[in-house]
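Within every chain, numbering begins at 1; the chains are lettered A, B, ... in the order of the sequence lines, protein sequences first and strands thereafter. Just so you know, these numbers use all the heavy atoms, side chains as well, and skip hydrogens, waters and symmetry mates.
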Amino acid sequence: MLQEIILAGFGGQGVMSMGQLLAYAGLVEDKHVSWIPSYGPEMRGGTANCSVTISDVEVSSPIITEPDTLIVLNRPSLEKFEKDVKPGGLLLINSSLIDIEPQRHDLKVLTIPASELANERLGNSRVSNMIILGAFVGLTGAVTIESVIGALKKVLPEYRHNLIPLNRQALEIGIELAKGI
Amino acid sequence: MITVFERPKALTAVKTHYCPGCTHGIIHRLVAEVIDELGVQEETIGVSPVGCAVLAYNYFDVDMQEAAHGRAPAVATGIKRVHPDKVVFTYQGDGDLASIGTAEIVHAAARSEKITTIFVNNATYGMTGGQMAPTTLVGQVSTTSPRGRDSAIQGYPIRVSEMLATIEGAVYIARVSVHNPQEVAKAKKAIKTAFELQIAGRGFTLVEILSTCPTNWGYSPKDALKWLVDNMIPIYPLGVKKTLEEGKS
Amino acid sequence: MAKVLMKGNEALGEAAIRAGCRYFFGYPITPQNEIPQYLAKRLPEVGGVFLQAESEIAAINMVYGAAGSGARVMTSSSSPGISLKQEGITYIAGAELPCVIVNMQRGGPGLGSIQPAQSDYFQAVKGGGHGDYKLLVLAPATIQEMVDMMGKAFDLADEYRNPVMILGDGILGQMMEGVEFPAEETALTLAEKPWATTGAKGRKPNLINSLFLDPVELEQHNHHLQRKYDRMAKEVLWENYRTDDAEVVLVGYGSSARIAKAAVDLARAHGIKAGLFRPITLFPFPKAALQEACKQANHVLTVEMSMGQLVEDVRYNLEFKVPVHFYGRSGGMVPTTRAVLEEIIRWAHSGEEDKA
């Protein structure tokens, strides 16, 4: 198994921590993982992205040029990275924040109105990324939902562990959505 | 027989390389006397510069490090942070401290490193052959200002003590001279004060000492002393520029 | 202890502390900022000193002072900052002071870029500053390897009284991987340093110095240093990957070697006998091991993030017996596995036209 993912959005949207969580979930499963950010001036408010690799064997280069999966949280990221996805690859779009359609027809696409879903169903827009992550888990099986929860326990300080049930609900909404395609 | 004068213990028996009439020898002796009087010879680590005093490590009978040009305050910072209980001093000339090492001395003062800097200002680059220094006076002839330092072209001399006295981390800054016995006595007192404040853990201390360079100035030792009094002191007024009361206490 | 997900720069900082490093002097520059940031937080917790200097030049001279005073001390920077440190590094080498210097390389020349590169290879392995001197240069390829080699880096520095450089790059500094630290801090036995300036209590004064005005003495000093660099030859480290029967042997270090390794596997899947030789010490260079790994090779290909630096040493160390080719990207661009595979295919099939 080798899953290469690019996550991209505006700085502050949580793409970096979403990527770290995913990598950590892989680590929980004793898989080989890597995470690398785009670093530099663009991380100060502009478009930010990170690359995550989850693999059964040693990770060669953490830098991903042709991702299996692209997760985009804003329009510039979709426009920038869509062309790079492997043919037949997966494209997850937060349609709450992106008002254009993808150009390619050789990809598996799931558009998720993640912000609305998070607001409507969970009353908290801050877990919208977890819905998208849930959809990724559901579609790829790259990691399990339990591993993501396990990773959350490591990443969140103890006094924030009360947020874990909410995050689990968000992940489950995503997994449900994945069943739709 | 009564001994009335002898070599301080903190000086080695090595004959110095300094030119006749140069006041580095007096200044070395004052520093060594202070080290002796404070009883810290075995607790002291000195840093020698690049310049005429580059071989100071041969003359001070204490642990020494030889630093790159201008970097003595940084080297001394490294030493003092490892050995906060030791006495650390740098011995630097004007080219070393006020030109290539300006950043290092300013920031050592700003951090209030608990070190003492002996700053010897003779308004010239002695070792390399009398080139213009950051402290060369306007109008003063040097081998790189052969028509005299022209402020329109070469700018103005830097008054290091006054500049450093503006820094909060500097707790004691004084300018002294060694052109006559009275001034030598005052210079020693300033050096001792600086070392004592360092030992008390108060912060950064510096003593600027006006010095002659008969060789590069082109005067006899006696005339050089007179030139220093007539020309340097008006531009570099003597006195304590900052004391602990004005700094942080 | 279970693996934790950690950024390379932070893992390196933690590993330095576990190796007994208690003094760090540095100056901010991307992409190594997490090293000073991590140590600024951690060093005071273990009774150490973190100091942000006014410049790289000041930082390396603080390292000089601290190393001369007997401390386990480190600095880190990235390419332009390492250039600034060269003055202090040559003094440290001349005065024979132990310390560790980390270079998380970025693109050059000049201000260059902040993206990963390997274009400081020559600077690292040939000396870097003025005078005849060498650094002991270690090139980790993973965060785990970087962590594991920190203790060795400090020990080698002490043993040889010589600066040791960890030559990484922006990828190794910025990426996160799973990493495992030793279960508990082992009691460190640090080398005695009777030569250090600690205050001359009950002994003759010590002197830390690189000045030898007498040319006879300086020549003797240089011979002494050279014998030391020759002695370091026994410290060579390397990794062979599928080189036993390899007809095309790739040579790369650090991040590039990871990419080359993946390309080797792809080439094998294409039926090409490819392998990878990865030097872990860049100075001393593992010459005999390289020759052994390449003895059956028809072609050797270096993979670098530079315009071709390692390739010169590979040619030299193979004594020009095998054709050595170069593939590299520069300026912060990183070779892709596919591009490296294409190069392997090209050289694997070269000469076939001649035979036909």
Greater than 12 external heavy atoms within 6.0 Å of [X]'s [atom1]:
X	atom1	result
A:K31	NZ	yes
A:R104	CZ	yes
A:F81	CZ	yes
A:E101	CD	no
A:H161	NE2	yes
A:M1	CE	yes
A:K86	NZ	yes
C:R268	CZ	yes

Members of residues 58-70 of chain A whose heavy atoms come closer than 4.5 Å to chain C
A:E58, A:V59, A:S60, A:S61, A:P62, A:I63, A:T65, A:E66
Which one wins on heavy-atom pair count under 4.5 Å against chain A: [options]?
options	value
C:E177, C:M176, C:R258	C:M176
C:T142, C:T337, C:I259	C:I259
C:I171, C:D265, C:V334	C:I171

Going by heavy atoms in the side chains, are C:K7 and A:W35 under 4.5 Å from each other?
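Yes - at least one pair of side-chain heavy atoms lies under 4.5 Å apart.
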A:P37 and C:Q174, any side-chain heavy atoms less than 4.5 Å apart:
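C:Q174 vs A:P37: side chains touch.
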Pick from A:G26, A:S34, A:G19: which one has the most heavy-atom pairs with chain C under 4.5 Å?
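Ranked by heavy-atom pairs under 4.5 Å with chain C, first place is A:S34.
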So which atom in C:L5 and which in A:A23 form the shortest heavy-atom distance, rounded to 0.1 Å?
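Minimum heavy-atom contact is CD2-CB, 3.8 Å.
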Heavy-atom proximity to chain A below 4.5 Å, by part of C:P116:
both
